[in-house]
K.L.:
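Right, I'll just put the structure down here and ask away after.
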Amino acid sequence: MTETTYPNDGLRQLLEGYRHFFKGNPPRQGFCALHAEQIAHTQNPHSMFISCFDSRVCPEAIFATNDGHICVHRNMLNQVDTNDASMMASLRFAVDSLQVQNIVVLGHSNCNAVAKLKELDKLPAQIAAWLGSAGAQYRGDSYEQAIKNNVLDQLDRLRKIDFIQKAEKLNLEGMIFHIHSGRLERFDKAQKRWIFVETEE
Ligand SMILES: [Zn+2]
């Protein structure tokens, strides 16, 4: 992806941050410590993430962001449940007040929450209630396909939300982080297929 093809500057920053992370660079220095005055009274994040609860998938680390760059909402299954008041409040604030450029649904390889969709009846009630709360499906011929399709299903739910439809400049992204390799796949909306993000400029 060349710089001119980024839909907005926020996505450029995210993918540049990802390359920083992939190359094994240390986390960037805390924005607060260096530029506290700039963010002490306001925030201007360029993106919101809806990421899985999994402890191995941390958007701030994977995209080498500094404080104030991204908002993160995490839950099992990186799920968009329009009946979840916490999720909807975060989304509404991010879109209307913070006017983020991107909402990224971030799934990952070996997502146990996706695997468990096949056996909701065997799970503790609290976990089954959440995973089944919005009708998520294990959809696809393979585990990897089901993980990817889950991300696409969550994006479809986002597109049906009225205040997201009204946000004309808002870009919706689906990504998969591969834990075993550190690689990142992004759903290319124009080509309608998943493409690995380049690890070099
Ligand atoms: Zn997961």
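We count ligands from 1, going down the list as the structure has it; atoms in each ligand are counted the same way. Quantities reported herein were computed from a predicted structural model and do not represent experimental measurements. Hydrogens, waters and symmetry mates are skipped; everything else that's a heavy atom, side chains included, is used.
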K.L.:
Where do Met88 and Phe163 come nearest, in terms of heavy atoms and distance?
P.N.:
CE-CE2, 4.1 Å

K.L.:
Is the shortest side-chain N to carboxylate O distance from Arg186 to Glu173 below 4.0 Å?
P.N.:
yes

K.L.:
For Asn78 and Ser51, test the side chains for any donor-to-acceptor distance below 3.5 angstrom and give the result as yes or no.
P.N.:
no

K.L.:
What residue among His108, Glu144, Glu185, Arg183 forms side chain to side chain donor-acceptor pair (under 3.5 Å) with His178?
P.N.:
Glu185

K.L.:
Using 30° and 60° as the class boundaries, would you call the ring planes of Phe187 and Trp194 parallel, tilted or perpendicular?
P.N.:
perpendicular

K.L.:
Scan residues 117-126 for pairs that pass side chain to side chain donor-acceptor pair (under 3.5 Å), counting only residues two or more places apart or in two chains.
P.N.:
Lys116-Glu119

K.L.:
Take the Zn ion (ligand 1) as the centre and count protein N, O or S atoms at distances under 2.8 Å.
P.N.:
3

